[in-house]
Structure formats: C-alpha cells, structure tokens
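Just so you know, these numbers use all the heavy atoms, side chains as well, and skip hydrogens, waters and symmetry mates. Keep in mind that this is a model prediction, so the values were computed, not measured.
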Amino acid sequence: MYDVVLLGATGFTGALTAEHLARHVPAGARWALAGRSAPKLAAVAARLGVTGLDLIPADVSDPASLRRLASSTRVLVSTVGPYLTHGMPVVAACAEAGTDYLDLTGEPEFVDRVYVEQHARAVASGARLVHSCGFDSVPYDLGAFFTVSQLPSDVPIRLEGYVTASAGFSGGTLHSAVNALGRLRASAAVARERRALEGRGTRVVRGASRPPHYDHRLGVWALPAPTIDPLVVLRSARASAEYGPDFRYGHHIGVKGLATAVGLAVGAGAVVGLAQLPVTRKWLLGLKEAGDGPSAEQRARSWFKVVFFATAGDERLVTEVAGGDPGYGDTAKMLAESALCLAFDTLAPTAGQVTPAIAMGSPLITRLAAAGITFTTRHL
C-alpha cells in the first residue's frame with residue numbers, strides 16, 4: 001500500500017524526518033506516518049500541511065500491529081529509541097515480511113543483536129536491514145566509500161577520519177548513549193557471538209585509530225572515538241573488495257585546544273563510570289527528558305565536518321564531508337533521503353543486515369549532495 005512509512009514521527013528527530021519527507025517525496029509517492037498516539041500523529045500531520053496523509057496505529061509492544069505495518073510498506077523507517085529497548089520487534093516484523101528497514105541507532109549492542117537474531121531471516125525474505133542512517137554513521141561510512149572509490153583497489157589502503165562539529169544534543173541521544181554504556185559486558189558478549197557467526201574473510205580489514213595526538217594538518221587535538229561509526233566503516237570494507245586487500249581505518253574526534261581535549265576525555269570517562277551503577281545511571285538519564293532537543297535557532301548555528309586522509313600505494317588523497325546541524329537537521333535529512341533512496345533508486349541487490357554504503361552507495365551520495373551535504377576531494 002505504501003512506498004515509505006515513518007514510525008515515530010511524534011518524537012523530536014521523527015518530526016524533523018517527517019518534515020523533510022513532506023518536502024521531498026516524489027509526486028505520486030505513497031507514504032504515511034505510524035505511531036501509538038493518534039492525536040499526536042494528527043498534530044504532526046497538521047503541522048506538515050499534507051492533505052490526505054494516512055496515519056497508521058502501531059505500537060512497538062504490539063507485535064501484531066507491527067506485522068500489519070511491515071506488510072503494508074516497501075520501506076519502514078523507525079525513529080523509536082532507545083533501540084535496544086524498543087527496536088527489535090520492529091526489525092523482526094520487517095525481516096519476516098521482506099520489508100526494508102532503516103533506523104538511526106548508534107547502539108552497537110542492538111546492531112549486533114539484530115545480526116545474530118534477524119540477519120539470516122532477512123536474507124531469506126529479501127529484506128534490507130540498514131542501521132545508523134543519521135550522523136551515526138552516514139558521514140563516515142559514505143565518506144569512506146566516497147574516498148576509496150577514487151583509489152586503486154589492488155593495493156593496501158590506509159584511511160584516517162577526523163570529525164569536528166558544533167551542535168547540541170537531545171534527550172533521546174542521551175538516553176541511548178547512557179543505556180548502551182551501562183551494558184558494556186552484554187555488548188561485548190553479543191559482539192563475540194556475531195563474530196563467530198560472520199567470520200572475517202580472507203582480506204585484511206582492521207581498525208587503526210591512533211592515541212590522542214595533535215594533528216598539524218587540521219590544527220586540532222585528536223582523540224580516538226569509541227563510537228559505532230568506525231565499526232560501520234569496517235563492516236562496509238569487509239563487504240566490498242573496493243576497499244583493497246588490506247584496509248585500515250582510524251576514527252578520531254578533533255577539538256581546538258588541549259584543555260578542551262582533556263576535558264572531553266575526562267568527561268567521557270566520567271559518564272562511562274556513572275553509567276555502570278543503577279543509581280548514577282538514573283541520575284544521568286534524568287538530566288534530559290527523552291523528547292527534549294535543541295531549538296531551531298541552536299540547530300541553525302550547528303555544523304559538522306569530517307576530513308579523511310587516505311594513502312593507497314603512491315597515491316595521497318584528502319576528502320571532506322560537511323553539513324549543517326549534525327544531530328537533528330542533517331540527521332533527519334540523511335534518514336529521509338536514505339528512505340527515498342531505498343524506495344525509488346536503482347541499487348545493487350543486497351539483503352540482510354547491510355551498511356548504508358553497501359546498501360545505497362553512490363546513489364545516496366548523489367541524493368545527499370543535492371540536499372546540501374557536501375562531498376569534496378583534493379589530491380596531495
């Protein structure tokens with residue numbers, strides 16, 4: 001019945017995603033909003049000003065409603081997080097129905113659990129399960145893909161990514177991060193289970209982040225970034241021979257000033273420690289409500305830039321991915337364009353859990369560039 005359905009449009013990022021879809025769905029596209037609160041969905045639809053937009057009742061705690069929802073659409077987009085808490089029933093419904101699934105998760109444990117529990121079923125049904133289609137992890141995954149596509153694929157490739165940004169964060173982001181950090185042992189266990197299932201193949205693909213250092217090329221202090229982003233890049237590299245016979249990727253956060261770098265490192269360590277105990281974890285979660293987010297004025301001032309330095313044999317290459325508000329405005333843009341890409345573009349056949357780069361590759365880069373996210377290159 002539908003080309004695209006957005007589940008979770010009443011949330012902060014979901015509403016921004018709905019706005020982008022409303023402005024950019026092609027003429028004749030069939031799309032709808034889904035969620036558990038009919039009045040809230042109606043309020044979102046009224047703000048969008050789209051006449052005749054279907055509103056579908058669905059609840060992540062009601063598997064039957066999710067099966068009906070997944071069976072009604074070609075692509076189902078979920079912004080209902082934390083995904084570790086709410087996400088698996090939605091993915092399961094899509095894997096069973098053969099429906100393409102997209103989300104914004106930055107939770108490594110959730111992604112690994114989906115692989116263990118749903119990958120084989122999705123391969124059998126033809127569903128594409130594509131996680132991390134926002135700031136986690138499109139700029140890095142598509143940026144790495146964009147870079148290696150300009151390099152020879154028969155020599156070792158060394159790639160370093162440095163992200164700098166200025167942005168606020170929402171309560172949903174805080175809740176997802178704190179919940180993930182509070183489950184490090186469980187996350188490590190399911191990661192081992194995943195590795196046993198998928199193997200590593202014959203090509204060499206490894207992480208290669210450097211210790212904290214000052215990067216003179218960018219004029220920033222660089223810290224290793226223990227996020228889901230390098231994991232996604234490495235999974236794309238394992239899935240494609242275009243990344244060369246020996247691919248190494250290092251992922252870093254760049255900040256101005258040594259004091260800022262030290263403060264960031266100490267603060268991150270404190271959050272990890274506080275997330276381990278129930279009482280302090282509850283305190284962290286109480287700092288922001290799940291539906292809170294930065295204002296439109298704050299988002300308008302926000303920006304991000306990811307610079308990649310690549311070496312492949314004798315070739316040296318620098319590429320850059322840049323945009324506006326990373327966490328919300330451009331994240332909604334990335335997610336919505338990913339949905340439209342899966343629904344309407346001609347793509348290489350894939351199934352099961354796949355990364356954004358492997359599922360969508362160059363067609364998604366073309367869409368994002370048209371939407372204002374820049375991909376640029378310069379040779380050294």
Side-chain angles (χ1 to χ4, degrees), residues 12-13 15-17 19-20 79 104 106 132-144 146 160-178 209 212-230 232-233 250-272 284 287-289 291-309 318-337 368-369 371-376 378:
F12 189 81
T13 306
L16 294 174
T17 305
E19 290 175 10
H20 189 90
T79 60
L104 292 168
S132 308
C133 290
F135 189 59
D136 290 324
S137 299
V138 163
Y140 322 102
D141 193 32
L142 272 294
F146 173 75
E160 289 186 302
Y162 293 83
V163 56
T164 54
S166 175
F169 66 95
S170 75
T173 299
L174 175 68
H175 282 235
S176 291
V178 170
S209 293
H213 62 280
Y214 184 77
D215 190 275
H216 293 275
R217 298 166 297 185
L218 299 174
V220 298
W221 287 92
L223 307 173
T227 60
I228 197 172
D229 307 310
V232 176
V233 171
H251 188 69
H252 305 87
I253 297 172
V255 296
K256 295 284 187 180
L258 179 59
T260 303
V262 172
L264 180 61
V266 171
V271 170
V272 171
L284 285 172
L287 294 177
K288 268 184 176 287
E289 293 295 326
D292 291 345
S295 67
E297 292 76 15
Q298 290 173 310
R299 298 197 305 272
R301 295 193 298 268
S302 299
W303 57 270
F304 76 90
K305 179 171 69 175
V306 189
V307 179
F308 297 91
F309 296 96
V318 181
T319 62
E320 179 180 295
V321 181
D325 174 41
Y328 306 99
D330 274 16
T331 276
K333 183 184 299 183
M334 294 171 201
L335 182 62
E337 291 296 338
L368 295 176
I373 297 174
T374 61
F375 291 75
T376 54
R378 69 179 186 270

With [X], which residues qualify under side chain to side chain contact (heavy atoms under 4.5 Å, CB included), at least two apart?
| X | result |
| --- | --- |
| Pro212 | Leu223, Pro224 |
| Arg301 | Glu297, Gln298 |
| Thr331 | Thr13, Leu104, Phe135 |
| Asp136 | Ile228, Asp229 |

Partner residues of His252 under the side chain to side chain donor-acceptor pair (under 3.5 Å) criterion, sequence neighbours left out: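 Scan of His252 (side chain to side chain donor-acceptor pair (under 3.5 Å), adjacent residues dropped) gives none.
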
Does some side-chain heavy atom of [Y] sit less than 4.5 Å from a side-chain heavy atom of [X]?
| X | Y | value |
| --- | --- | --- |
| Val232 | Tyr140 | no |
| Met334 | Cys133 | no |
| Phe12 | Thr79 | no |
| Ile373 | Lys333 | yes |

Contact summary for [X] and [Y], nearest pair of heavy atoms:
| X | Y | result |
| --- | --- | --- |
| Gly161 | Phe308 | CA-CD2, 3.9 Å |
| Ser166 | Pro326 | O-CD, 4.4 Å |
| Gly143 | Val321 | CA-CG2, 3.7 Å |
| Leu16 | Gly329 | CD1-N, 4.2 Å |
| Gly219 | Lys256 | O-NZ, 3.3 Å |

Set of residues satisfying ring-ring contact (aromatic ring centres under 6.0 Å, His included) with respect to Phe146, sequence neighbours excluded: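 Listed in chain order: Phe375.
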
First locate atom [atom1] of [X], then atom [atom2] of [Y], and finally report the distance between them rounded to the nearest 0.5 Å.
| X | Y | atom1 | atom2 | answer |
| --- | --- | --- | --- | --- |
| Leu218 | Lys305 | CG | NZ | 7.0 Å |
| Thr319 | Phe309 | OG1 | CZ | 9.0 Å |
| Tyr162 | Asp215 | OH | CG | 4.5 Å |

Side-chain (Asp325) to main-chain (Ser302) donor-acceptor, under 3.5 angstrom: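 No, Asp325 side chain to Ser302 backbone: no donor-acceptor pair under 3.5 Å.
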
